[in-house]
Each structure stands twice: as structure tokens, then as C-alpha cells.
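Here the structure is laid out as C-alpha cells; the discussion comes afterwards.
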Number of protein chains: 2
Amino acid sequence: MTIDTSPAQQIDPMEQMICFDLYAASQAFTRVYKPLLAPLGLTYPQYLVMLNLWADSPLSVGEIGHRVSLESNTLTPLIKRLQEAGLVTRTRDPKDERRVVVALTETGRTLKARADHVPLCILRATGMSSDDLIALQRNLRDLTAAMLTADG
Amino acid sequence: MTIDTSPAQQIDPMEQMICFDLYAASQAFTRVYKPLLAPLGLTYPQYLVMLNLWADSPLSVGEIGHRVSLESNTLTPLIKRLQEAGLVTRTRDPKDERRVVVALTETGRTLKARADHVPLCILRATGMSSDDLIALQRNLRDLTAAMLTADG
DNA sequence: GTAATTTAAATCGTACACGATATTAACGTA
DNA sequence: TACGTTAATATCGTGTACGATTTAAATTAC
């Protein structure tokens with residue numbers, strides 16, 4: 001293959017890097033979410049877990065992990081913090097003692113009302129139209145899919 | 001603008017979230033970078049720092065931080081690891097003893113040759129044309145700028 | 001020229017991420 | 001039914017992120 005092998009470093013190293021822009025956008029979201037979630041006592045990953053439980057409770061650790069793309073090594077301590085905050089319970093599934101079932105407590109369920117305004121705040125913070133956001137979302141998903149199937 | 005204020009939880013909670021797609025895309029990049037950077041003994045954030053030093057050495061901790069959008073609380077331990085790996089030196093600036101100047105060692109400079117293929121591998125893994133990538137990059141930067149100026 | 005302020009790094013504590021390994025339960029097979 | 005395998009969590013170690021505080025040097029104000 002013939003490839004442009006001109007040194008990358010002749011350009012501003014950060015200028016050319018799509019991954020850096022992704023990282024920056026991701027961080028920008030984190031910064032917007034933080035003041036919205038702090039009054040609820042949630043971090044952003046915790047909010048993602050609660051979102052899924054609000055939609056569907058109970059869920060096993062593995063089911064949550066599948067939805068938020070995290071594994072037990074990250075989720076177990078995170079969910080334990082939610083438990084310490086009184087938002088969820090963790091119990092072994094009697095049908096399959098390997099599974100840990102996470103369920104909302106009444107406190108956890110109640111918190112939902114206080115979180116309902118968050119998505120709209122985020123949407124407005126983007127300053128983008130729904131159509132543009134959906135287009136961007138599609139681009140990001142295509143990109144992600146391509147990256148994950150890349151043969152390296 | 002007219003906004004759909006229907007409760008978020010009636011849709012798949014993850015489906016609607018642009019921030020989740022950003023996060024996923026970012027993680028996908030991390031996964032593609034890891035096998036490329038592991039042979040060099042670098043993590044992705046460390047690679048970002050090295051990229052800047054390869055372009056411009058020496059740099060102060062603050063200058064590096066400005067370029068990679070990280071602060072000393074993250075950079076100091078990261079740079080100490082690069083120092084332990086023999087890639088950089090850390091010295092106080094005699095002109096301003098508050099500043100710590102990070103400079104490449106000969107080993108650090110030499111590593112550049114082994115990293116030169118990385119950007120091209122990444123570009124190919126995206127499966128996107130340069131034009132599409134640039135367009136996406138522009139979208140992401142607009143989005144980031146809007147988020148950071150949002151009045152919350 | 002000293003005190004108050006600002007600035008640059010570092011330190012500390014909390015919370016992700018994630019590879020590797022361990023643990024325990026369920027399952028499949030002889 | 002004992003045994004090897006698979007599956008679901010948990011644990012451990014390393015490395016970011018980042019808010020809050022600390023330290024020390026430089027700058028400003030007076």
C-alpha cells in the first residue's frame with residue numbers, strides 16, 4: 001500500500017486527532033452533567049445505572065453491565081455505593097445464586113422525579129437541533145462500530 | 001425550538017443519549033490504541049503527552065496541561081511514570097522555580113520512530129474518509145464549544 | 001521592602017475503567 | 001454422581017480524572 005507517511009508531528013499534534021475531540025466532547029458533557037447530578041448525589045456513571053433501573057427494576061449486575069458497557073469490576077463497587085446511599089438493594093437470585101439482583105428502593109424510585117429534568121437540560125446545553133444531534137449520533141455509532149470491528 | 005418532553009424512561013434509556021455514544025466512541029478508540037501503544041509501554045494519555053513533547057521539547061507541566069486539557073493533579077503522577085520509564089526528565093525552571101520543565105531523554109526521543117505508524121493505523125481503523133472525519137471533528141468541536149459556554 | 005495576592009505544581013481523597021485472577025454456582029458429560 | 005467446563009460476580013492492582021487543599025515561588029500593592 002502507498003500511504004502518506006509524512007510525519008504527524010509537523011502539525012499541531014492535537015489538531016489532527018479525532019480521538020482527542022471525542023475525549024474533549026465527552027469531558028464537556030461530564031462538566032455539564034456534574035452540576036445537574038451533584039444535587040442528586042450521583043456521578044454520571046451512577047446516573048446511567050439509575051436510568052436503567054428506573055426503566056426496568058430489578059436488573060442483574062450483568063444486565064446492567066450489558067446496557068452501560070461496563071463489567072463487574074467497575075459495576076460492583078459502583079452499585080455498592082448506590083446501596084450505601086440507600087438507592088438500591090443487592091440480593092442473590094435464589095434461582096441462580098451466581099447472579100446478583102439489583103433493585104430500586106423506595107428512595108431510589110423517588111429520586112427519579114428529581115432527575116427527570118436532566119435530559120432536557122442536556123439537550124439544551126448542546127445548542128443543537130434534534131436532527132443535528134441524531135445525525136451526529138449516527139456518525140458516532142458508525143465510527144464506533146467500525147473501530148470495534150477493525151482488525152487492528 | 002419545540003422539544004419532545006415525553007419522559008425519557010419510556011425509551012431505552014441508553015438509546016437517546018448522545019453522551020453515551022460519545023463515551024462509547026471514546027472507549028472504542030481506547031481499545032484500538034491499546035494494542036498499538038502497549039508495545040511502546042505507553043497508555044493513551046501518556047501517548048498524548050509524548051506526542052506534544054516529540055513536537056516541542058521541553059515543555060512545562062502547565063504547557064502540557066493546556067495542550068491535553070489536563071491539570072497538574074493528573075499530569076504530575078503521569079509524568080513521573082514517564083520519568084521512571086526513562087522517557088523524560090523533570091527539572092525546575094531556574095528562571096521561575098515554580099515551573100517544572102519536562103524534557104525528552106534520548107530514549108524518549110528514540111521512541112518516536114516506533115510510534116510513527118500509530119496515527120495511520122488509527123485512521124484506517126475508523127474506516128472513514130478524511131473528509132468525513134474532518135466533518136465529524138468539526139461537529140464535535142462545535143458541540144464541545146456549545147457545551148462549555150452553556151449557562152447551565 | 002514587606003505584606004497580600006496570584007500562580008505553578010504537588011498532594012490528597014474519591015470514583016471510575018479495565019486487565020488479570022479468584023470464587024462460587026450452574027451445567028454438561030461420562 | 002463425580003468432574004471438567006462454563007458463567008456471574010467479586011477482588012486486586014495500575015492508571016487516569018478531578019475537586020479541594022497545600023506549598024512555595026513570583027508578582028503586585030502599598
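Quick note on labels: first sequence line is chain A, next is B, and so on, each numbered from 1.
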Using a 4.0 Å heavy-atom cut-off, does B/Thr43 contact any base of the nucleic acid, only the sugar-phosphate backbone, or nothing at all?
sugar-phosphate
Using the side chain to side chain contact (heavy atoms under 4.5 Å, CB included) criterion, which residues pair with B/Ser129? Sequence neighbours excluded.
B/Asp131, B/Asp132
Check the interface with nucleotides 12-14 of chain D: list each N/O to N/O pair with the protein under 3.5 Å, or write none.
none

Among the nucleotides C/dA17, D/dA10, C/dA10, whichever has the atom closest to the side chain of B/Tyr23 is C/dA17
Any B/Arg92 side-chain nitrogen or oxygen under 4.0 Å from OP1 or OP2 of D/dT23:
no
Would you give me the side-chain donor-acceptor pairs under 3.5 Å for residues 80-96 of chain B, sequence neighbours excluded?
from: B/Gln83; atom 1: OE1; to: B/Arg90; atom 2: NH1; distance (Å): 3.4
from: B/Thr89; atom 1: OG1; to: B/Ala103; atom 2: O; distance (Å): 3.4
from: B/Arg92; atom 1: NH1; to: B/Glu97; atom 2: O; distance (Å): 3.1
from: B/Arg92; atom 1: NH1; to: B/Arg98; atom 2: O; distance (Å): 2.9
from: B/Asp93; atom 1: OD1; to: B/Lys95; atom 2: N; distance (Å): 2.8
from: B/Asp93; atom 1: OD2; to: B/Arg99; atom 2: NE; distance (Å): 3.3
from: B/Asp96; atom 1: OD1; to: B/Arg98; atom 2: N; distance (Å): 3.0
from: B/Asp96; atom 1: OD1; to: B/Arg98; atom 2: NE; distance (Å): 3.1
from: B/Asp96; atom 1: OD2; to: B/Arg98; atom 2: NH2; distance (Å): 2.9

Looking at C/dA10, does its base get a donor-acceptor pair with the side chain of B/Ser72 below 3.5 Å?
yes
Return the value, rounded to whole Å, for the distance between atom CD1 of B/Ile64 and atom C1' of C/dA9.
12 Å
The complete set of salt bridge (charged side-chain N to carboxylate O under 4.0 Å, His left out) pairs with one or both residues in residues 35-61 of chain A, sequence neighbours excluded, reads A/Asp56-A/Arg67
Nucleotide nearest B/Pro45 when distance is taken to its side chain, options C/dA9, C/dA17, D/dT16:
D/dT16
Is there side-chain contact between A/Gln137 and A/Leu133, with at least one heavy-atom pair below 4.5 Å?
no
How many Å lie between NE2 on A/His66 and P on D/dT9, as a whole number?
13 Å
By side chain to side chain contact (heavy atoms under 4.5 Å, CB included), which residues pair with B/Asp142, not counting sequence neighbours?
B/Arg138
For nucleotides 1-8 of chain D, which of its nitrogen or oxygen atoms have a protein nitrogen or oxygen under 3.5 Å away, and what is each distance?
from: D/dA7; atom 1: O4'; to: A/Arg98; atom 2: NH1; distance (Å): 3.3

Report yes or no: does A/Arg31 contribute a side-chain atom to a donor-acceptor pair with the main-chain N or O of B/Met147 at less than 3.5 Å?
no
CD (B/Gln27) with more than 12 external heavy atoms under 6.0 Å:
yes
Any side-chain N or O of B/Thr30 under 4.0 Å from OP1/OP2 of C/dC18?
no
To the nearest 10 degrees, how far apart in direction are the end axes of the helix from C/dG1-D/dC30 to C/dA30-D/dT1, each fit to five base pairs?
10°
Under 4.0 Å between a side-chain N/O of B/Lys80 and OP1 or OP2 of D/dT16, yes or no?
no
Name the residue from A/Leu59, A/Leu75, A/Val61 that meets the side-chain contact (heavy atoms from CB on, under 4.5 Å) definition with A/Val102.
A/Val61
Under the side chain to side chain contact (heavy atoms under 4.5 Å, CB included) test, which residues partner A/His117, sequence neighbours left out?
A/Leu36, A/Cys121
Taking the minimum atom-to-atom distance to the side chain of A/Lys34, which one of D/dA10, C/dA15, D/dC18 wins?
D/dC18
For residues 41-50 of chain A, which side-chain N or O atoms pair as donor and acceptor with protein atoms under 3.5 Å away, sequence neighbours left out?
from: A/Thr43; atom 1: OG1; to: A/Gln46; atom 2: N; distance (Å): 3.3
from: A/Gln46; atom 1: OE1; to: A/Thr43; atom 2: N; distance (Å): 3.1

Base, sugar-phosphate, or nothing for A/Leu75, non-hydrogen atoms under 4.0 angstrom?
nothing
Can you list every side chain to side chain donor-acceptor pair (under 3.5 Å) pair that touches residues 100-110 of chain B, not counting sequence neighbours?
none
Check whether A/Thr126 reaches the backbone of A/Leu123 with its side chain - one donor and one acceptor, N or O, closer than 3.5 Å.
yes
B/Glu71 CD to C/dA8 P, in whole Å, measures 11 Å
Over how many whole Å does the gap from B/Leu78 atom CG to D/dA17 atom P extend?
8 Å
